[in-house]
There are 2 protein chains.
Amino acid sequence: MPGRIQSIERAAAILRLLSGRSRRLGVVEMANELGLPKGTVHGILRTLQHVGFVEQDPESGKYRLGAALLHMGSSYLDGNELRTRALNWSDSLASRTHEEVRIGTLHDGRVLIVHHVFRPDDSMQTLDVGSLMPIHATALGKVLLATHPHVAEEVMKRELPSYTDSTITDPKLLRRELERVRERGWASEAGELQRLRSSLAAPIIDRTGRTVGAMGIFGGPERLFAARSPRPELLTHVREHAQAVSRELGAIPW
Amino acid sequence: MPGRIQSIERAAAILRLLSGRSRRLGVVEMANELGLPKGTVHGILRTLQHVGFVEQDPESGKYRLGAALLHMGSSYLDGNELRTRALNWSDSLASRTHEEVRIGTLHDGRVLIVHHVFRPDDSMQTLDVGSLMPIHATALGKVLLATHPHVAEEVMKRELPSYTDSTITDPKLLRRELERVRERGWASEAGELQRLRSSLAAPIIDRTGRTVGAMGIFGGPERLFAARSPRPELLTHVREHAQAVSRELGAIPW
DNA sequence: AACCTCGTTTGACAATGTCATACGCGGTTA
DNA sequence: TAACCGCGTATGACATTGTCAAACGAGGTT
């Protein structure tokens, strides 16, 4: 795959930087971080500002992401087939299980949430469509890792961050866990990301047989588990709903 | 303001194009639309794909927006002060009025929705954070236009699209309406976007005195209006909540 | 089997972005 | 008050870089 366009790659790097840090960043700050002359960074920022991808704080002169990105992000969602097909089924799953539902897809070694349904009759939750969840500490992530072994190996090359004392941080243990996920066709997690939260998930498969996402429920371990293993009726709901979405995507009914 | 970087502007134009059309687009299609050689467009797309801003459909070879944009969009929201400060107040407004709440800001001559709270106990609505609403057919938009006269003139240069037979399409009438909005400090709309929907909105002001957004409720005209004018208690709630957000943003309490 | 159309590659050319240097401003220090 | 940072911004010469016409090759259609 031959040459990429340098200035666009740099612009993307700047946007990624701004997206990572939540606070506003200055020109020199970014220039140092990226190892570029500040003049260059400034020129790129000027252009990005003109197209609405970044905004400049009039007082401090520092930069942050721009509103155009929000609209593009939502346009992405509109065109995302996985999410579109899953809309009805995720509502159904939420009301059947009385739990919060999320649909995630693999992005950059993490789980990108493309849809999120609140737990019924439980408002005051914050929607986290667009956020990235850790891949080795969520059931969604385990499903995705189990079906993408090369990504799994890539992820395990880096240190696996620990979130609670239940988080799987040993690659050997994780590999074994993923093996189990592959065998059973579903994944679970209890308190591995937050002590009092857990999740169950199953794969969503498209017409080519590839796992393009995962669908799962989130809730307190006392509700999702019984005697250390997932409650069978919840598991069935999750698996059947994920299958339903897969069927909508054209997967061969299995 | 001197030179912008051509390739980045072109990349942005491509993304905007993809964001506008919901279906996938091909290289030649975009090249024609933008008046560029297809080789050039392809090179930009290759780079955008590499950074995750576009994805290519493996079967058709056509392009669509990429997942990275979704995450950046949500990062924008995290850093958006207007939205952050408004979170609690919009929940409060929704439960007080029992109506759907939206917060919007000016973007590109339209209203960009940065926050959206469903009508309490009424699920199955689709969240439209990130979507763009027409500016002259919503109360949110009227508030923003009334406080940004130059934008109003810009918008009125183009034909004002009609959505129902109540939509204000005559610039003269719209100017008079905006005058009223300025005087009263709030805006209303009944059936101007959809026949059986209406909205009330008030401005959100920051520490510099600029109107940085608008907050409003949406609901059936029979609930929001009585005898052709907005129900006073709803109006009061909207105005007071918008003021509360303004105060959080550091506006001088008035 | 000839012929589209589309996505992709190529390579020479010069337009274009790069980057060191300089500028001007605000804040801080001596 | 004046010297001095540090910042965001402007400038301009240079050669790196992106551009674009033309050609390629794979699908599909005629």
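When reading the values below, keep in mind they use all heavy atoms of this one structure, side chains included, and skip hydrogens, waters and symmetry mates. Just so it is clear: chains get the letters A, B, ... in the order the sequence lines come, proteins before strands, and each one is counted from 1.
Contact between the side-chain N/O atoms of B/Arg46 and the OP1/OP2 oxygens of C/dT9 is found at a separation under 4.0 Å. Applying the 4.0 Å criterion to OP1 and OP2 of C/dT8, one finds that B/Tyr63 has a side-chain N or O inside that range. Contact annotation: A/His42 reaches the phosphate of D/dT9 (side-chain N/O to OP1 or OP2, under 4.0 Å).
For residues 5-21 of chain A, the salt bridge (charged side-chain N to carboxylate O under 4.0 Å, His left out) pairs, not counting sequence neighbours, are A/Arg21-A/Glu33.
Summarising the local packing, CD of A/Glu159 is surrounded by 12 or fewer heavy atoms from other residues, nucleotides or ligands at distances under 6.0 Å. Residue-environment remark: CH2 (B/Trp89) stays at or below the threshold of 12 foreign heavy atoms within 6.0 Å.
The gap from the C1' atom of C/dA15 to that of C/dG11 amounts to 16 Å, rounded to the nearest Å. To the nearest whole angstrom, the two P atoms, one in D/dT16 and one in D/dG12, are 22 Å apart.
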Please write out the pairs of protein N or O atoms and N or O atoms of nucleotides 14-18 of chain C separated by less than 3.5 Å, giving the distance to one decimal.
unit_1 : atom_1 : unit_2 : atom_2 : d
C/dT16 : OP1    : B/Gln6 : NE2    : 3.1
C/dG17 : OP1    : B/Gln6 : N      : 2.3
C/dG17 : OP1    : B/Ser7 : N      : 3.2

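Rounded to whole Å, atom C1' of D/dG18 lies 17 Å from atom NE2 of B/His50. If you measure from atom CD of B/Glu9 to atom P of D/dG18, you get 15 Å, rounded to the nearest angstrom. Straight-line distance from the CG atom of A/Leu45 to the C1' atom of D/dC7: 14 Å, rounded to whole Å. The distance between atom NZ of A/Lys62 and atom C1' of C/dG27, rounded to the nearest whole Å, is 13 Å. Atom CD of A/Glu59 is separated from atom C1' of C/dC25 by 16 Å (rounded to the nearest Å).
Comment: B/Arg247 does not engage B/Glu240 in a salt bridge, judged by the lack of any side-chain N to carboxylate O separation of less than 4.0 angstrom. Ion pairing between A/Glu29 and A/Lys38 fails under the 4.0 Å rule for side-chain N and carboxylate O.
A donor-acceptor distance shorter than 3.5 angstrom exists from the side chain of A/Gln56 to the backbone of A/Gly61, with no hydrogens or angles considered.
DNA chain D lies under 4.0 Å from no heavy atom of any residue of residues 18-30 of chain B.
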>> Each nucleotide in nucleotides 23-30 of chain D should get exactly one letter: B, S or -. Can you fill that in based on protein heavy atoms under 4.0 Å?
In response: B-------
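Every residue two or more places apart in sequence or in another chain was checked for a ring pair (Phe, Tyr, Trp, His ring centres under 6.0 Å) with B/His42, and none qualifies. With sequence neighbours left out, the side-chain contact (heavy atoms from CB on, under 4.5 Å) criterion links A/Pro171 to A/Met156, A/Arg175.
Two rings, from A/Tyr163 and A/His136, have their centers less than 6.0 Å apart.
Side chains of A/His241 and A/Ser90: no donor on one and acceptor on the other come within 3.5 Å.
Between A/Gln56 and B/Leu36, the residue anchored closer to the 5' end of DNA chain D is A/Gln56, taking for each the nucleotide with the nearest heavy atom.
Within the 4.5 Å cutoff, the side chain of B/Tyr63 has no heavy atoms near those of the B/Ile14 side chain.
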